[in-house]
Amino acid sequence: MNGLMEKPTKFALCNALSSCAKTLNWHLGIQIHACLIRSGYEDNLFLSSALVDFYAKCFAIVYARKIFRAMKIHDQVSWTSLIAGFSANKQGRDALLLFKEMLGTKIRPNCFTLTSVINACVGQNGALEHCPSLHVHVIKRGFDTSNFVTSSLIDCYAYWGQIHDALLLFNEVSEKDIVIYNTMISGFCQNLYSEDALKLFVEMQEKNMSPTDHTLCSILSACSSLAVLLQGKQVHSLVIKIGSERNVFVASALIDMYSKGGDIDAARCVLDQTSNRNTVLWTSMIMGYAQCGRGLEAVELFDCLLTKQELIPDQVCFTAVLTACNHAGFIDKGEEYFNKMRTSYGLSPDIDQYACLIDLYARNGNLRKARDLMEEMPYDPNCIIWSSVLSACKIYGDVELGREAANQLIKMEPCNAAPYLTLAHIYD
DNA sequence: ATAGGGTTAG
């Protein structure tokens with residue numbers, strides 16, 4: 001890259017940029033950018049497209065857009081790279097707008113473009129309305145035979161709860177590969193069609209397709225939802241057979257499956273055998289202890305991890321340990337953890353941790369403290385908070401606060417009859 | 001020469 005070297009070819013720079021994009025090598029990529037400017041290649045279409053992709057992949061979407069806008073002509077790759085960049089960057093709206101702009105040009109979208117723009121509809125509020133027209137594009141251009149395009153469509157429909165449409169697409173695929181199966185299985189799981197997920201998993205194996213880590217995660221989550229411990233254990237055997245227990249996502253799914261299936265000790269066993277334990281895994285474990293009524297163990301585990309500095313807790317982790325305090329009635333501990341969030345870890349509590357502490361106070365009859373905290377916190381109380389206040393008011397006979405809680409809940413969920421009933425009990 | 005699918009968890 002220094003001036004003494006021979007001038008690199010456009011081809012070499014293009015390949016190098018592509019590698020930098022794939023490996024997220026920012027440092028080298030920007031040097032190549034500088035080099036291609038020095039070499040007078042700035043107007044080269046291929047290199048500019050590769051630059052758009054490089055910056056987009058490295059989350060420098062502003063630069064990607066800048067390069068794209070500076071280009072005099074575009075090709076399918078530069079359009080697609082920027083659309084894909086917006087999608088990956090959770091800027092689905094920008095991806096959809098850019099796609100629309102592309103349709104006004106002479107450059108036609110291809111199956112790479114369609115895959116990218118369909119992905120933009122996942123996780124983007126209100127994007128469901130764009131799906132049918134994108135689907136029409138896919139069919140009109142004959143991309144419906146592409147498994148890449150189809151899997152993104154299946155995923156998109158499943159995300160929006162249109163499991164029937166997803167299944168129609170899935171059934172039409174003539175050569176189903178592992179990603180197509182995984183997408184459909186995961187779609188079933190997301191929509192809590194756990195039985196269907198398991199059936200498809202069996203069908204997949206009958207066709208001699210080997211499950212991947214993705215498959216195992218989905219299937220374990222289906223077993224968790226159904227709380228079918230026996231089936232979950234069979235999947236665990238499969239995990240070991242394939243050698244996927246080192247995958248942290250699989251480990252996480254296993255811990256969750258055992259916790260929800262009621263075998264917390266097996267969950268702990270999985271965790272102990274996992275070499276790269278992270279905050280998510282510890283949090284699952286702490287929550288598992290909390291929810292099966294072993295709050296003391298949850299708190300002891302948490303304290304031990306902090307002492308040994310094996311855990312840097314985040315908000316979700318504090319929610320888990322505060323939940324444990326609630327179930328065990330540890331008021332002082334709960335307050336201590338709540339304060340520690342800010343003082344030791346610089347975390348500002350979010351509404352979930354406030355809800356835990358309010359619940360802890362309320363459950364133990366300290367409605368005054370619960371109410372003070374609600375007024376003091378920087379959030380509007382949600383249903384969870386009003387519900388715990390309401391049940392506490394029922395137990396401790398606080399008519400005035402109980403009436404307010406019931407009214408708030410009725411306002412928030414007019415169709416839910418529960419607050420009316422609880423309120424009636426309070427007046428009794 | 002450059003671009004695209006499931007990217008998972010608490």
Side-chain angles (χ1 to χ4, degrees), chain A residues 9-22 41 44-54 56-57 64 67 71 74-85 87-88 109-120 122 143 146-156 158-159 173 177-187 189-190 211-221 224 244 247-257 259-260 267 271 277-288 290-291 311 313-321 323 352:
Chain A
T9 66
K10 294 170 193 165
F11 305 96
L13 291 178
C14 203
N15 282 326
L17 271 176
S18 164
S19 304
C20 291
K22 284 188 188 102
Y41 297 152
N44 182 279
L45 175 62
F46 293 109
L47 284 172
S48 299
S49 299
L51 274 176
V52 172
D53 185 53
F54 164 72
K57 288 249 168 60
I67 302 278
M71 291 167 74
H74 296 118
D75 61 357
Q76 291 177 317
V77 180
S78 45
W79 282 105
T80 304
S81 296
L82 192 55
I83 290 170
S87 295
N110 60 17
C111 51
F112 288 74
T113 325
L114 262 310
T115 305
S116 304
V117 72
I118 290 163
N119 282 337
V122 175
F143 299 143
S146 156
N147 277 5
F148 280 77
V149 175
T150 307
S151 57
S152 59
L153 268 175
I154 292 173
D155 187 48
C156 181
Y159 173 82
V173 179
D177 61 21
I178 187 65
V179 177
I180 290 282
Y181 269 105
N182 283 349
T183 309
M184 194 64 230
I185 289 173
S186 143
C189 291
Q190 283 168 45
T212 64
D213 294 349
H214 278 98
T215 330
L216 296 169
C217 286
S218 298
I219 288 306
L220 286 168
S221 125
S224 302
S244 287
N247 179 304
V248 70
F249 296 104
V250 174
S252 171
L254 278 170
I255 291 168
D256 198 44
M257 183 274 293
S259 294
K260 295 217 173 78
L271 181 67
R277 281 159 241 167
N278 62 23
T279 307
V280 175
L281 295 186
W282 287 122
T283 303
S284 295
M285 198 63 237
I286 293 163
M287 197 54 126
Q291 286 174 337
L311 171 73
D314 59 11
Q315 275 116 327
V316 187
C317 194
F318 275 104
T319 301
V321 75
T323 304
D352 292 332

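Remember, it's a predicted structure, so these values are computed and weren't measured experimentally. Throughout, a chain's letter reflects where its sequence line sits, starting with A, and its residues are numbered from 1.
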Between the base of [N] and the side chain of [X], is there a donor and acceptor pair under 3.5 angstrom?
X	N	answer
A/Ser252	B/dA9	yes
A/Thr283	B/dG10	yes
A/Asp314	B/dG10	yes
A/Asp75	B/dA3	no
A/Asp177	B/dG5	yes

Send over the distance from [X] [atom1] to [N] [atom2], rounded to a whole Å.
X	N	atom1	atom2	value
A/Ile67	B/dA3	CD1	C1'	16 Å
A/Leu281	B/dT8	CG	C1'	13 Å
A/Leu271	B/dA9	CG	P	18 Å
A/Phe54	B/dT2	CZ	P	16 Å
A/Gln291	B/dG10	CD	C1'	10 Å
A/Asn147	B/dG4	CG	P	17 Å
A/Trp79	B/dT2	CH2	P	21 Å
A/Leu254	B/dG10	CG	P	13 Å

> Less than 5.5 Å between centroids and less than 30° between ring planes, does A/His214 satisfy that with B/dT8?
Replying inline: yes

| message | Applying the 5.5 Å / 30° rule, does A/Phe112 stack onto the base of B/dA3? | response | yes

* **Short side-chain to backbone donor-acceptor contact, A/Ser18 and A/Cys14, under 3.5 Å** => no

Of all the nucleotides listed ([options]), which has the minimum atom distance to the side chain of [X]?
X	options	result
A/Phe249	B/dG10, B/dA9, B/dT7	B/dA9
A/Ser49	B/dG4, B/dT2, B/dA3	B/dT2
A/Lys22	B/dA3, B/dG10, B/dA1	B/dA3
A/Val248	B/dA1, B/dT7, B/dA9	B/dA9
A/Cys14	B/dG4, B/dA1, B/dA9	B/dA1
A/Ser81	B/dA3, B/dG4, B/dG10	B/dA3
A/Asp53	B/dA9, B/dA3, B/dG4	B/dA3
A/Val179	B/dT2, B/dG5, B/dA3	B/dG5
A/Lys10	B/dA1, B/dA3, B/dA9	B/dA1
A/Val280	B/dA3, B/dG10, B/dA1	B/dG10

Compile the donor-acceptor pairs under 3.5 Å between side chains in residues 109-120 of chain A and protein atoms, sequence neighbours left out, one pair per line.
{"residue": "A/Asn110", "atom": "OD1", "partner": "A/Phe112", "partner atom": "N", "Å": "3.0"}
{"residue": "A/Asn110", "atom": "OD1", "partner": "A/Thr113", "partner atom": "N", "Å": "3.1"}
{"residue": "A/Asn110", "atom": "OD1", "partner": "A/Thr113", "partner atom": "OG1", "Å": "2.9"}
{"residue": "A/Asn110", "atom": "ND2", "partner": "A/Gln76", "partner atom": "OE1", "Å": "3.2"}
{"residue": "A/Thr113", "atom": "OG1", "partner": "A/Thr80", "partner atom": "OG1", "Å": "2.9"}
{"residue": "A/Thr113", "atom": "OG1", "partner": "A/Asn110", "partner atom": "N", "Å": "3.1"}
{"residue": "A/Thr115", "atom": "OG1", "partner": "A/Cys111", "partner atom": "O", "Å": "2.7"}
{"residue": "A/Ser116", "atom": "OG", "partner": "A/Phe112", "partner atom": "O", "Å": "3.0"}
{"residue": "A/Asn119", "atom": "ND2", "partner": "A/Thr115", "partner atom": "O", "Å": "3.4"}

Mind checking [X] for me? I need base, sugar-phosphate or nothing, with any heavy atom below 4.0 Å counting as a touch.
X	answer
A/Asn44	base
A/Leu51	nothing
A/Ser221	nothing
A/Asn110	base
A/Ser284	sugar-phosphate
A/Thr279	base
A/Thr215	nothing
A/Ser151	base

Partner of A/Ser244 under side chain to side chain donor-acceptor pair (under 3.5 Å), picked from A/Thr212, A/Thr215, A/Asp213, is A/Asp213

In terms of heavy-atom contacts, A/Met71 and A/Leu45 come closest through CE-CD1, 3.6 Å

Tightest non-hydrogen contact, residues A/Val248 and A/Asn278, listed as CG2-ND2, 3.5 Å

*Do the side chains of A/Asp352 and A/Gln315 get nearer than 4.5 Å, heavy atoms only?*
no

query = With distance as the sole criterion, is a donor-acceptor pair present between the side chains of A/Thr150 and A/Asn147 under 3.5 Å?
reply = no

Subject >> Side-chain N or O of A/Lys260 closer than 4.0 Å to phosphate OP1/OP2 of B/dA9 >> reply: no

Taken in chain and number order and not counting sequence neighbours, the residues that satisfy ring pair (Phe, Tyr, Trp, His ring centres under 6.0 Å) with A/Trp282 are none

